[in-house]
S.K.: 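A single structure is presented below for examination.
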There are 2 protein chains.
Amino acid sequence: MDNFPFIILVQPQLAENIGMTARAMMNCGLYNLRLVSPGQDHLSPKAVAASSGAEEILEQARIFNTTEEAIADLEQVYATTSRHRDQIKFVYTAEQAMQNFDTLCRQNIKCGILFGPERTGLQNDDISLADAIINIPLNPRHCSLNLSQAVLLVGYEFFKRRTDIPGTRFVTNGAEIAPKEKLFQFFSYLEKELDDCGNFKVDEKRPRMVRNLRNIFSRPQLTGQELDTLYGVINYLRRPHKN
Amino acid sequence: MDNFPFIILVQPQLAENIGMTARAMMNCGLYNLRLVSPGQDHLSPKAVAASSGAEEILEQARIFNTTEEAIADLEQVYATTSRHRDQIKFVYTAEQAMQNFDTLCRQNIKCGILFGPERTGLQNDDISLADAIINIPLNPRHCSLNLSQAVLLVGYEFFKRRTDIPGTRFVTNGAEIAPKEKLFQFFSYLEKELDDCGNFKVDEKRPRMVRNLRNIFSRPQLTGQELDTLYGVINYLRRPHKN
């Protein structure tokens, strides 16, 4: 069995931020939201508008009075904070933390991530309940994040471990890269046309120019259709000028 | 020499999103913002408030009429879009793209990232100007991101390559983990106290209980001061009950 981390907002102050958090969670495939005494209604029109289509997360969110109650049934809880405070704890980056949670969730261990109120962040007492601290690596000159942005970055790191991220792809939308043979035919055609119109005037420069042109048209990994487009361009250019 | 990617917002509609983008950029150590015919004033009170301390980025932002003008002096430009459209291009994840840009920026090649308007995203004509597409891996059910969140995720991937991210750290705030010798003294003390108060009643169970206790107090990697706290707790518990 498998599960996903719970996102726990401790005393979020603004409905808009709760909604934006739901949106960020949905972006990352996280659906379990818990709120500890929120300052505004998480189902208010402002919250729903800010969730931008993620109302189902708001509707299913569970409300608690205290952080203790909100994490009582969880087995591993990490607290997000940009300061380490004077607490003796393990500190993970968001990436390392979500590596751990990925493994734990696959073992069906219930994991949660605590996020503090917008202005103050998590209180020391809440942090002391957590198993470890998550510290998102950001510009030390300006590391205060909007609440939903913090949720997004942590959720993104979890999502990255849960999805088959394709390697670099050359997307041709179904069109096939032309086989080399077709490309070489195009080279011949282009070179013949250039010979005909006198482009290769200086014989000793010809081999170098030919190589340059072949490089130019090798780099884009042309499809068959794109080669046809280029044939058309050449033919068009070869027409007699109108003026 | 070294430089940093330019963030180019094409026709951003809301001042608030421009401000939040500046905030996200500052979070990631990016300071070069360009705007292509923004729908609202990037220095309006709304924008400045949303930038949450990143006004300097707004103040230094450069405004252009067209995407072509905004990227004219750049050498490599990637376009963010969640759809591939019908364009034949390389597609990178945010991580792969910022790996490339990290390398290119270190070679002093000027790089830029295009972000489209909030509702529609980048137009095909803008995408066709770019060298490649960035596709941020997100929940396919809900991959539409707020503009500033898209900037944040891409910027975050760049920042991660530019900062020495510490490995997992056990943060003790200067306190030193007690050497094993001190820990073993504590074990002896605890076990003697438990012997004295009759906790180890059944002799054959003693070795197992001792091992369990030693495991419990080995796991937290206690500091010297924390050991002192525990000595205090034991001593306090050993006092005669008041009632």
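In what follows, chains carry the letters A, B, and so on, assigned in the order in which the sequence lines appear, proteins first and then strands, with residues in each chain numbered from 1. Only heavy atoms go into these numbers, but all of them, side chains included; no hydrogens, no water, no symmetry mates.
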S.K.: Can you tell which part of A:Lys89 gets under 4.5 Å to a heavy atom of chain B, answering side chain, backbone, both or neither?
M.R.: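 Contact with chain B is through the backbone of A:Lys89 alone.
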
S.K.: Sort B:Phe90 into side chain, backbone, both or neither according to what part of it lies under 4.5 angstrom from a heavy atom of chain A.
M.R.: both

S.K.: Report the residues that fulfil side-chain hydrogen bond (donor to acceptor under 3.5 Å, both in side chains) with B:Gln11, sequence neighbours left out, ordered by chain and then residue number.
M.R.: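 If we apply the side-chain hydrogen bond (donor to acceptor under 3.5 Å, both in side chains) test to B:Gln11, skipping adjacent residues, there are no hits.
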
S.K.: Between B:Ala97, B:Ala94, B:Ser144, B:Ala132, which shows the greatest number of heavy-atom pairs under 4.5 Å with chain A?
M.R.: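 Top option by heavy-atom pairs under 4.5 Å: B:Ser144.
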
S.K.: Decide if atom NZ of A:Lys110 counts as having more than 12 heavy atoms of other residues, nucleotides or ligands within a radius under 6.0 Å.
M.R.: yes

S.K.: Could you check which of B:Thr163, B:Ile136, B:Ile88 has the highest count of heavy-atom pairs closer than 4.5 Å to chain A?
M.R.: B:Ile88

S.K.: Under the side chain to side chain contact (heavy atoms under 4.5 Å, CB included) test, which residues partner A:Gln225, sequence neighbours left out?
M.R.: A:Thr223

S.K.: Ignoring hydrogens, what is the shortest heavy-atom contact between B:Phe159 and A:Asn139? Give both atom names and the distance.
M.R.: CZ-N, 3.3 Å

S.K.: Got a sec, which residues hit side chain to side chain contact (heavy atoms under 4.5 Å, CB included) with B:Glu59, two or more places apart in sequence or on another chain?
M.R.: B:Leu43, B:Glu55

S.K.: Is any residue of residues 145-158 of chain B within less than 4.5 Å of chain A by heavy atoms, and which ones?
M.R.: B:Leu145, B:Asn146, B:Ser148, B:Gln149, B:Leu152, B:Leu153, B:Tyr156, B:Glu157

S.K.: Under a 4.5 Å heavy-atom cut-off, does chain B meet the side chain of A:Leu30, its backbone, both or neither?
M.R.: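 Neither part; nothing is under 4.5 Å.
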
S.K.: With a 4.5 angstrom heavy-atom cut-off, which part of A:Phe170 approaches chain B: side chain, backbone, both or neither?
M.R.: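 Contact with chain B involves both backbone and side-chain atoms of A:Phe170.
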
S.K.: Measure the CG-NZ distance between A:Leu138 and B:Lys160 for me, rounded to the nearest 0.5 Å.
M.R.: 10.5 Å

S.K.: Does any heavy atom of chain B fall under 4.5 Å from the side chain of A:Arg23, the backbone, both, or neither of them?
M.R.: both

S.K.: Let's test your reading of the structure: which of A:Pro220, A:Pro137, A:Ala54, A:Gly29 forms the most heavy-atom pairs below 4.5 Å with chain B?
M.R.: A:Pro137

